[in-house]
2 protein chains.
Amino acid sequence: MRDSPKDIFKAMGVRMTPQRLEILRILEKCNEHPAAEDVYEKIRERFPSISFDTVYRTLSLFESHGLIKKVHHLAEKTRYDTNMRHHHHFVCVRCKKIIDFTWEGIDKIPAPEKVKEWGKVEDRYVELRGICQDCLKKTGV
Amino acid sequence: MRDSPKDIFKAMGVRMTPQRLEILRILEKCNEHPAAEDVYEKIRERFPSISFDTVYRTLSLFESHGLIKKVHHLAEKTRYDTNMRHHHHFVCVRCKKIIDFTWEGIDKIPAPEKVKEWGKVEDRYVELRGICQDCLKKTGV
DNA sequence: AAGTATATAAGAATTATTCCAATTTCATTC
DNA sequence: GAATGAAATTGGAATAATTCTTATATACTT
């Protein structure tokens with residue numbers, strides 16, 4: 001049983017506006033992984049004068065309340081990797097520190113059959129996300 | 001046995017300039033995952049008048065020759081995920097399509113001890129990268 | 001229904017990155 | 001070793017994604 005939009009907005013403690021409602025509907029219907037621009041193009045069908053800002057603000061709002069999330073952390077700036085051997089990353093979600101590691105155990109497990117049907121898998125990347133020791137020390141959490 | 005800078009640039013078929021040489025040294029020395037700005041700040045110690053453009057151009061050059069790589073594909077625009085359950089992604093490196101999947105087999109394997117020492121791991125994300133069926137059809141490769 | 005805090009629209013501002021044109025420099029030839 | 005021409009650098013303008021600002025409009029409480 002899914003919450004009604006009214007309850008969702010009530011729980012967030014914000015007003016339910018037509019724009020927000022429509023963005024919510026678009027997102028609920030969407031099985032892809034839209035960029036802000038995709039949402040903007042879609043909602044303009046009904047709200048031709050909506051501003052980009054409203055879309056961005058609403059996406060941030062939804063994200064801060066755990067309704068959606070960004071596909072990647074670290075998206076603000078491009079980061080470069082100087083290690084060209086196959087490896088994975090530990091990423092600190094606070095300070096964005098990245099540490100390389102290898103993990104043969106996980107490289108060997110065959111990919112799920114369904115995924116193989118979606119296309120040709122060429123690479124496997126694992127990201128372990130958490131809080132690094134430095135950041136743990138800083139806040140004690 | 002590592003190639004000399006001279007050989008590296010020769011292999012790339014480009015001129016060896018002091019700026020490029022210094023950026024190469026900075027990257028070789030660097031165990032972090034620098035953003036362009038980090039490289040810029042570092043090289044300005046020796047080349048105070050270097051332009052951002054040179055840094056970006058050189059990083060692209062190195063990337064196109066396989067000396068370094070970007071930490072993430074998909075970094076151009078923020079993409080949103082409307083599926084808040086734990087899952088992983090198949091990503092088409094051509095069209096950037098993203099498909100969700102779950103993979104219990106891989107979720108259960110304990111993380112390497114060394115990683116646990118680096119911090120508190122809170123989430124595990126796997127990205128299978130390849131070419132989706134649509135893109136395979138288009139080019140026949 | 002009125003009042004008020006909150007949300008929106010439009011465009012300016014910001015940030016990361018790329019483009020452009022003028023100048024400089026590398027590396028090859030003489 | 002100097003001249004030369006192609007390639008590289010600089011500095012600033014341009015672009016693209018995202019955020020901020022301010023005046024106006026609107027949802028929700030009373």
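Because only heavy atoms are used, hydrogens play no part in the values below, and waters and symmetry mates are left out as well, while side chains stay in. As the structure is a prediction and not an experimental result, all values here were calculated from the model. Every chain is numbered from 1 and lettered A, B, ... according to where its sequence line falls, protein lines coming before strand lines.
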ask   = Counting just side-chain N and O atoms, does Gln19(A) come under 4.0 Å of either OP1 or OP2 of dA9(C)?
value = yes

ask   = Do the numbers put Arg129(A) on top of the ring of Tyr125(B), so that NZ or CZ is under 6.0 Å from the six-membered ring centre and no more than 45° off the axis?
value = yes

ask   = Is Thr78(A) near enough to dT17(C) that one of its side-chain N or O atoms lies under 4.0 angstrom from OP1 or OP2?
value = yes

request  = Describe the nucleic acid contact of Pro18(B) in one word from base, sugar-phosphate, nothing, applying a heavy-atom distance below 4.0 Å.
outcome  = sugar-phosphate

message = Please confirm whether the shortest side-chain N or O distance from Arg20(B) to OP1 or OP2 of dA8(D) is below 4.0 Å.
response = yes

ask   = dA17(D), dT9(D), dT17(C): which one has an atom nearest the side-chain heavy atoms of Glu37(A)?
value = dA17(D)

inquiry  = Both Lys70(B) and Met16(B) contact DNA chain C. Which one's nearest nucleotide lies toward the 5' end?
reply    = Lys70(B)

task = Indicate yes or no: does Glu117(B) engage Lys114(B) in a salt bridge with an N to O separation below 4.0 Å.
result = no

message = When you measure from the side-chain N and O atoms of Tyr56(B) to the phosphate of dT18(C), is any distance below 4.0 Å, counting only OP1 and OP2?
response = no

query = Does Asp53(A) or Ser49(B) map to a spot on DNA chain D nearer the 5' end, using the closest nucleotide for each?
reply = Ser49(B)

query = Atom CE of Met12(B) to atom P of dA27(C): distance rounded to whole Å?
reply = 12 Å

ask   = Considering only dT10(D), dA8(D), dA9(C), which nucleotide approaches the side chain of Thr54(B) most closely?
value = dT10(D)

query = Do Asp100(A) and His33(B) have side-chain N/O donor and acceptor atoms under 3.5 Å apart?
reply = yes

ask   = Roughly how many Å is it from CD in Glu76(A) to P in dT14(C), rounded to a whole number?
value = 19 Å

message = Counting only side-chain heavy atoms from C-beta out, which of dA16(C), dG11(D), dA9(C) sits nearest to Ser51(B)?
response = dG11(D)

key: Salt bridge present between Asp81(B) and Lys70(A) (N-O < 4.0 angstrom)   = no

inquiry  = Expressed as a whole number of angstroms, how long is the span from Phe62(B):CZ to dA8(D):C1'?
reply    = 13 Å

request  = Rounded off to whole Å, could you give me the CD1-to-C1' distance for the Ile50(A) and dA7(C) pair?
outcome  = 11 Å

task = Give a yes/no answer on whether the side chain of Arg57(B) brings an N or O atom under 4.0 Å of OP1 or OP2 in dA8(D).
result = no

remark   = Separation of dA7(C) atom C1' from Phe9(A) atom CZ, nearest Å, is 12 Å

inquiry  = Whether the Thr54(B) and Arg57(B) side chains hold a donor-acceptor pair (N or O, under 3.5 Å, no angle test) is what I'd like checked.
reply    = yes

message = Whether Thr17(B) contacts dA8(D) is assessed here as follows: a side-chain N or O lying under 4.0 Å from the phosphate OP1 or OP2. Is that the case?
response = no

ask   = For the pair made of CG in Asp7(A) and P in dC28(D), what is the distance, rounded to whole Å?
value = 13 Å

ask   = Roughly how many Å is it from CZ in Arg44(B) to C1' in dG11(D), rounded to a whole number?
value = 13 Å

key: Whole-Å distance separating the NZ atom of Lys6(A) from the P atom of dA27(D)   = 13 Å

